[in-house]
J.: 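Quick one: this structure, given as structure tokens, is what I'll be asking you about.
Quick caveat, the model's predicted, so the values are computed rather than measured.
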Amino acid sequence: MDTVDLVVIGGGITGVGIAQRAQAAGYSVAVLEKGEIGQATSSNSSKLIHGGLRYLESGQISLVRESLAQRKALLLLAPTLVKPVPFYIPIYQGSQRGPLAIRAGLSMYALLSEFDALGQFKSIAPKEWGNLFGLKLQGLRAVFRYWDAQTDDHALTLAVADSAKQIGARIHTSVEIKTIEHQRDACTIHYKQNSLAKSLKALCVINASGPWVNKTLELVQPKVTGVDIELVQGSHLVLDIPPPDGILYLESIYDKRVVFVMPWKGKTMIGTTETPVNDADEVGVTQAETQYLLGIYRHYFPFSEEGSHLADKVIGNYCGMRVLPKQQVDAFDLPRETLMNTRVTHPRLMTIYGGKLTTFRHTAKDAVEWVEKQIGQRAAVADVDQLKLCASTNHTNNTLDG
């Protein structure tokens, strides 16, 4: 039976990010993914590398600061995959957030970005409002422009996986895990791959299986309890409409949520929703979500040529899953920090709840520090902060077994 320092369960952006950093630090790493790399939540996000401007409202300052730092790092490490893009915030009569509140928030955003060039923002002069993609002008009080970044989330995940593999990580797809035996000094993972029964011994195991995180815990022996979570799906629509030149940051007309209208592969995309679901395997865009998003688009773009036929312009949709701590608040208000859970009874196992596309490198750093505490240091083989991320040659065939 093969033995490795670390097995990572889950081939999303969090899992492959951990694999890359751990392998660079000199640990031997294997990733076990039940499907293909990045095919679930990590290819169904809002495609943004951003600081999370709205998180300032709920006081998640440290999350915003770290997100902005990671945005800066990814723009340098993955310049062909992560691109700066302007965001526009229109403020109307009756908007929940007035000009002073938005200006204060953007000022804090700039401060937390440590005055990075992308931290600059400006107020758009009224004479220029007519050029903003057909945006409704009636009742418009102010428009602000600031900067964040956009990416192809699937391509970025594959690029990180490729980077991990190039420095020695073993990445296995189409894996069905049967049991995870937790012993005092190691874990043994029994699984099937292409109908073949296999086993792998690991000094540490990190469960990064996203929405299936607690289902993975059910495979652990002896039994271990998980954390109560909310599964929240975020849906997006792709419209056959010429894209805007930037991203519109819009206040929902139905609730206090924020919705984005953005360019995507030559079309217009709108998202996202926050709909609680009971089972990650039952995810799917609902009719109610579709009407919610189309209603917001019609409100802000009432004179678009598509008009009442907007539903006919929907040429695609998708939704991803968020894993959030279970609390007695609306999904919109749940905190977005990543939770890294360990148990005294299972010292060789870490379970990761949540995880954001933007901050996957920070999550990986924390995870590898935990590995180091369990099994000691290794001789580094690469500096993960210098590893450039390029579009994967496996984008159409992302099986990375090695």
J.: Go through it in stages, so that I can follow the logic: the residues are Thr273 and Glu289, the test is side chain to side chain donor-acceptor pair (under 3.5 Å), and I'd like the CA-CA distance, side-chain angles, deciding distance and then a yes or no.
T.: CA-CA 7 Å; Thr273 60; Glu289 288 176 314; 2.7 Å; yes
J.: Using 30° and 60° as the class limits, which term best fits the ring planes of Tyr292 and Tyr254: parallel, tilted or perpendicular?
T.: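 Tilted, since the angle between the ring planes falls between 30° and 60°.
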J.: Got Ile91 and Leu140 here, is their nearest side-chain heavy-atom distance under 4.5 Å?
T.: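 With C-beta onward as the side chain, the pair stays apart.
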J.: What's the separation between atom CD1 in Ile18 and atom CG in Leu6, rounded to the nearest 0.5 Å?
T.: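 The CG atom of Leu6 is 7.5 Å from CD1 of Ile18, to the nearest 0.5 Å.
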J.: Verify salt bridge (Lys or Arg N to Asp or Glu O under 4.0 Å) between Asp148 and Arg71, making sure each step is shown before the conclusion.
T.: CA-CA 8 Å; Asp148 257 322; Arg71 181 191 71 182; 2.7 Å; yes
J.: How long is the span from the CG atom in Leu250 to the CD1 atom in Ile270, to the nearest 0.5 Å?
T.: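 One finds 7.0 Å between CG of Leu250 and CD1 of Ile270.
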J.: Is the shortest side-chain heavy-atom distance between Lys198 and Lys192 below 4.5 Å?
T.: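 Not in contact.
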J.: Quick check: closest heavy atoms across Leu349 and Thr342, and the distance to 0.1 Å?
T.: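 Heavy atoms of Leu349 and Thr342 come nearest at O-CG2, 3.9 Å.
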J.: Should Thr268 and Pro244 count as side-chain neighbours, where that means a heavy-atom distance under 4.5 Å?
T.: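 Contact flag for Thr268/Pro244 side chains = yes.
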J.: Please indicate whether Lys215 has more than 12 foreign heavy atoms, meaning atoms of other residues, nucleotides or ligands, lying under 6.0 Å from its NZ.
T.: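 Correct, the count exceeds 12.
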J.: Hey, are the side chains of Lys34 and Glu176 touching, using non-hydrogen atoms and a 4.5 Å cut-off?
T.: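 Not in contact.
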J.: Give a yes-or-no answer on whether the side chains of Ser209 and Thr216 include a donor-acceptor pair shorter than 3.5 Å.
T.: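 Checked: Ser209/Thr216 side chains pair up, N/O donor to acceptor below 3.5 Å.
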J.: Set out, in order, the CA-CA distance, both residues' side-chain angles and the distance that settles salt bridge (Lys or Arg N to Asp or Glu O under 4.0 Å) for Arg361 and Asp385, then state yes or no.
T.: CA-CA 9 Å; Arg361 298 180 74 254; Asp385 294 322; 2.6 Å; yes
J.: Please check if atom CD in Glu114 has more than 12 non-hydrogen atoms from other residues, nucleotides or ligands closer than 6.0 Å.
T.: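 At most 12 heavy atoms, drawn from other residues, nucleotides or ligands, come within 6.0 Å of this atom.
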J.: For the residue pair Tyr300 and Tyr92, categorise the inter-ring angle as parallel (less than 30°), tilted (30 to 60°) or perpendicular (more than 60°).
T.: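 The rings of Tyr300 and Tyr92 sit tilted, inter-plane angle from 30° to 60°.
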J.: Nearest 0.5 angstrom please: Asn207 CG to Leu32 CG, how far?
T.: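 Between atom CG of Asn207 and atom CG of Leu32 there are 11.0 Å.
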J.: Taking side chain as C-beta onward, heavy atoms only, is Ile9 less than 4.5 Å from Ile180?
T.: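 The answer is yes, as the side chains (C-beta and beyond) meet within the 4.5 Å cut-off.
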J.: Using a strict 4.0 Å threshold on nitrogen-to-oxygen distance, state whether Asp152 and Lys47 make a salt bridge.
T.: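 Lys47 and Asp152: not salt-bridged.
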J.: Output, in order, the C-alpha distance, side-chain angles, deciding distance and verdict of side chain to side chain donor-acceptor pair (under 3.5 Å) for His50 and Thr358.
T.: CA-CA 6 Å; His50 66 131; Thr358 300; 4.7 Å; no
J.: Counting the benzene-type ring for Trp, do Phe260 and Tyr249 have ring centres under 6.0 Å apart?
T.: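 Centroid separation for Phe260 and Tyr249: below 6.0 Å.
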J.: Start with the C-alpha distance between Thr363 and Asp366, add both sets of side-chain angles, then the distance that settles side chain to side chain donor-acceptor pair (under 3.5 Å), and finish with yes or no.
T.: CA-CA 5 Å; Thr363 300; Asp366 287 346; over 6 Å; no
J.: Here's a test for you: under side-chain hydrogen bond (donor to acceptor under 3.5 Å, both in side chains), which of Asn341, Thr338, Asn214 qualifies with Tyr353?
T.: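 That would be Asn214.
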J.: Within a strict 4.5 Å, meaning less than it, do heavy atoms of the His172 and Glu33 side chains meet?
T.: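 They are not in side-chain contact.
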J.: So Tyr88 and Phe133, would you call those rings parallel, tilted or perpendicular, with 30° and 60° as cut-offs?
T.: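 Perpendicular.
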J.: Evaluate Arg21 against Asp383 for salt bridge (Lys or Arg N to Asp or Glu O under 4.0 Å), listing each step before the verdict.
T.: CA-CA 9 Å; Arg21 185 171 286 269; Asp383 182 353; over 6 Å; no
J.: Taking the six-membered ring of Phe301 (Phe, Tyr or Trp), confirm whether the NZ or CZ of Lys313 is under 6.0 Å from its centre and within 45° of its axis.
T.: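 Judged by the rule (NZ or CZ under 6.0 Å from the ring centre, within 45° of its axis), Lys313 is not positioned above Phe301.
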